[in-house]
Amino acid sequence: MPPSPEELLAGLNPEQRRAAETLEGPLLVLAGAGTGKTRVITYRIAHMLARFIEPESVLAVTFTNKAATEMKERIAALVGKADAERLSVGTFHAFCVRRLRQHADKLGFSKGFSICDASDQQSAVKAAMRELRIPEKTLHPGLVQSRISLAKNQLLSQSELLERSGGDEELVCAVWERYDAALRRQRMLDFDDLLLQTLKLLQEHPRALRSFRERWQYVLVDEYQDTNGPQYEIVRLICQEHRNLCVVGDDDQSIYSWRGADVRKILGFAKDFPGAEVVRLETNYRSTKDILEAANRVIAHNIGRHPKELRAHAGPGQPVCTFEARDEEDEADFIASEIGFLVRRGDAAWRDVAILVRTQVQPRAFEARLRAAGVPYRLVGGMSFFDRKEIRDLLAYLKLVANPDDESSLLRILNCPPRGVGKTSVERVLAWATERGLSANHAFARAEEIEKVPAAAKKAVVELLETLAELGRRRGGKRLVETLKEMVGRVGYQQEVERCYPDPQTRQVRWAAVEELYNFAENYARRSGKPSLAGFLEELALNAADQQDDDGQDQDAVALMTLHAAKGLEFPRVYLVGLEEGILPHSRAVAEGGVDEERRLMYVGVTRAREHLTVSYAAERARFGRRSATTPSRFWYELLGEAPPEGWTPIEDQRAAAVR
DNA sequence: AACATGCCGGTTTTT
DNA sequence: CCGGCATGTT
């Protein structure tokens, strides 16, 4: 028997209840950290179903896969699995992929498109720059890529970007043009295109728009403060008529502006949707009063926020601890041994503890020390599994089976195992291909027409492509793992591993990665209703970061992660480390005028803690292999409610002083 | 074509 | 201090 509406709502406080009950019309829920946001969302959806709203007409989008999974699970616990599965719950990107597979023909591309990951993007940008003869010294490929991506996420067209005269816009646009063409040629869409193409579908195909509107009568957007241009437009178009849109978020936790997210979207919701109801959740059920007050002290330094005051539900608790380390080793050492001590004394479990860092390089010092102290840990979001050469190679092979036009994958594995195709041959084929707008595989297939490419090389590649195509054709009904294993056999990958690693021990380690990929495919096939190669690759592309805790989710270990990865999570004990000018706030953010966002990041970190919070910094830190003295972060003093000492200099002024 | 060496340049955050 | 890339060597 599903719970009645009354039973459902009885467990909520008055504001939460109002948010869960208001089903019709636009609704903005301003949910401060730890105020039971997820609870409101899940109860609200359960309440909808209890009011006989069809599950199929409900769309709930989240920002991360983790959040989507959690939401699904918590709804299923309330309303049962059967109904929960009929809801559309997922990330924007996952939602868009699905729609695009359905409607690809209307947009003029194949529904078998593949998703371009970060390294594919990188190589596409580099190739475009090579074509345009832009040396990488003048303009960094990574920078160009992020400029293109940011423009897409801000809904800027190339001509609009050009209007922003600043200097290198022309170059960026030229690369952008080529980059898009290369992706089209390879039947690929990057993450940003997934959103843009969906938007285009809705803008240019009234029938599609109408079907979206009819289907998703009730829309809910989580983490609304992180919504970027295309996402906002997609939501707006779907909801414009029925206006049953509920957005939930917290402007103080907006930490993705660098990806095109715009805080003004949440600040201006009532203007975008006139008549919107606003509910504020201000009772924090997560943290002790001491921790919450520290968080409030920090965020109070930001201006232009939605006014709100978080009230602690819990008692005062322990004061926030501080640790001033000599250097990063000392910092890691102290924290590792304190955690070891606490857990062994029985005051905490490993899984209760998180160490939060600003950048991806900070965990290194911690990993060594945690291991030395016998503290089990898991690095969240590090992608290490997919960084391994073997995995990347095999994924490239798989991607080629799914999409033979995928150029960066072909180039990656072309000569691995060695097939006697040299650099110059590849260059000639590529040049020939770009001249006539063909993708690399087609060029290789017609390699006889190309001058000065050794016959053996042509033959080898053609054979390779044929083998992969055959695998693709013949895999109907076959299990994914079988295909994978067959592929490994056919291309002689095992021999390649053996050739590269004559030492039996390293060879064993390397080969283990391959077997891990087999497991991975098995897991996927088990989990998914209708496993397919495309589905597998899609999940890897959309889900890459979350994949690794597939087997580590319920692992009892200390979590080590960036502040960005920590959003939405909570832990009884949190260590917030590296509170130094230049790290948090990050020097680059300071240079770009992004201190407010850094402060929000700090705020997110502080509010992850339930009972114990320790903040630390190192007085000296190695950077680029050089060690040098640091300055405690401004946030350190803001959190403690102290004025910085005499002679303390923030990082902007340090640079100014250095110039002088 | 495969391997070795040396240089330079770089560290924000991620779907 | 790392890793990637561009050269140079067999």
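Predicted, not measured: the structure shown is a model, and the values here were computed from it. Throughout, a chain's letter reflects where its sequence line sits, starting with A, and its residues are numbered from 1.
For the pair A:Ile355 and A:Val558, the minimum side-chain heavy-atom distance is below 4.5 Å.
Aromatic stacking is not marked for A:Phe92 over B:dT15, as the cut-offs of 5.5 Å for the centres and 30° for the planes do not both hold.
For the side chain to side chain contact (heavy atoms under 4.5 Å, CB included) test with A:Lys399, the passing option among A:Ile115, A:Asp117, A:Leu540, A:Ile413 is A:Asp117; the others fail. A:Arg305 pairs in a side-chain hydrogen bond (donor to acceptor under 3.5 Å, both in side chains) with only one of the listed residues (A:Asp251, A:Asp250, A:Asp596, A:Asp252), which is A:Asp252.
At a cut-off of 3.5 angstrom, the base of B:dT13 holds no donor-acceptor pair with the side chain of A:Arg259. Contact annotation: side chain of A:Trp258 to base of B:dT13, donor-acceptor pair present below 3.5 Å. With hydrogens and angles left out, the side chain of A:His586 and the base of B:dT12 share no donor-acceptor pair within 3.5 Å.
Set against B:dT14, B:dT12, B:dT15, the side chain of A:Phe191 has B:dT15 as its closest nucleotide. Checked against B:dT14, B:dT15, B:dT12, the side chain of A:Thr562 finds its nearest nucleotide in B:dT14. Nearest to the side-chain atoms of A:Lys126 among the listed nucleotides C:dC5, B:dT15, B:dT13 stands C:dC5. Here the side chain of A:Ala565 is nearest to one of B:dT14, B:dT13, B:dT15, namely B:dT14.
Distance A:Arg98 CZ to B:dT15 P: 19 Å, rounded to the nearest Å. For A:Glu592 and B:dT12, the CD to C1' distance is 9 Å, given to the nearest whole Å. The nearest whole Å value for the distance from the NE2 atom in A:His140 to the P atom in C:dC5 is 13 Å. Whole-Å rounding puts the A:Gln362 CD to B:dT12 P distance at 12 Å. The CD atom of A:Gln253 sits 16 Å away from the P atom of B:dT14 (whole-angstrom rounding). Atom CD1 of A:Ile234 and atom C1' of B:dT15 are 13 Å apart (whole Å). In this structure, A:Arg588 places its CZ atom 9 Å from C1' of B:dG10, rounding to the nearest Å. Across the protein-nucleic acid pair, A:Lys152 atom NZ and B:dT14 atom C1' stand 16 Å apart, rounded to whole Å.
Classification of the A:Phe536-A:Tyr524 ring pair by plane angle, with boundaries at 30° and 60°, yields tilted. Ring geometry, A:His564 versus A:Trp258: the interplanar angle exceeds 60°, so the pair is classed perpendicular (tilted spans 30 to 60°). Aromatic ring orientation, A:His103 versus A:Phe212: tilted (interplanar angle from 30° to 60°).
Place A:Val421 and A:Leu601 on DNA chain B by their nearest nucleotides, and A:Val421 ends up nearer the 5' end. Along DNA chain B, the nucleotide nearest to A:His93 and the one nearest to A:Val361 differ in position, and the one closer to the 5' end is contacted by A:Val361.
Using a 4.0 Å heavy-atom criterion, one finds that A:Lys567 contacts no nucleic acid atom at all. Residue-level contact check: A:Tyr256 touches the backbone only, with heavy atoms under 4.0 Å from sugar-phosphate atoms and none from bases.
Interface residues of residues 223-233 of chain A facing DNA chain B, ordered by number: none; criterion, heavy-atom separation under 4.0 Å.
Using a cut-off of 4.0 Å between Lys/Arg side-chain N and Asp/Glu carboxylate O, A:Arg187 and A:Asp406 are scored as not salt-bridged. Electrostatic pairing of A:Arg623 and A:Glu328 does not count as a salt bridge here, judged by no charged N lying under 4.0 Å from a carboxylate O.
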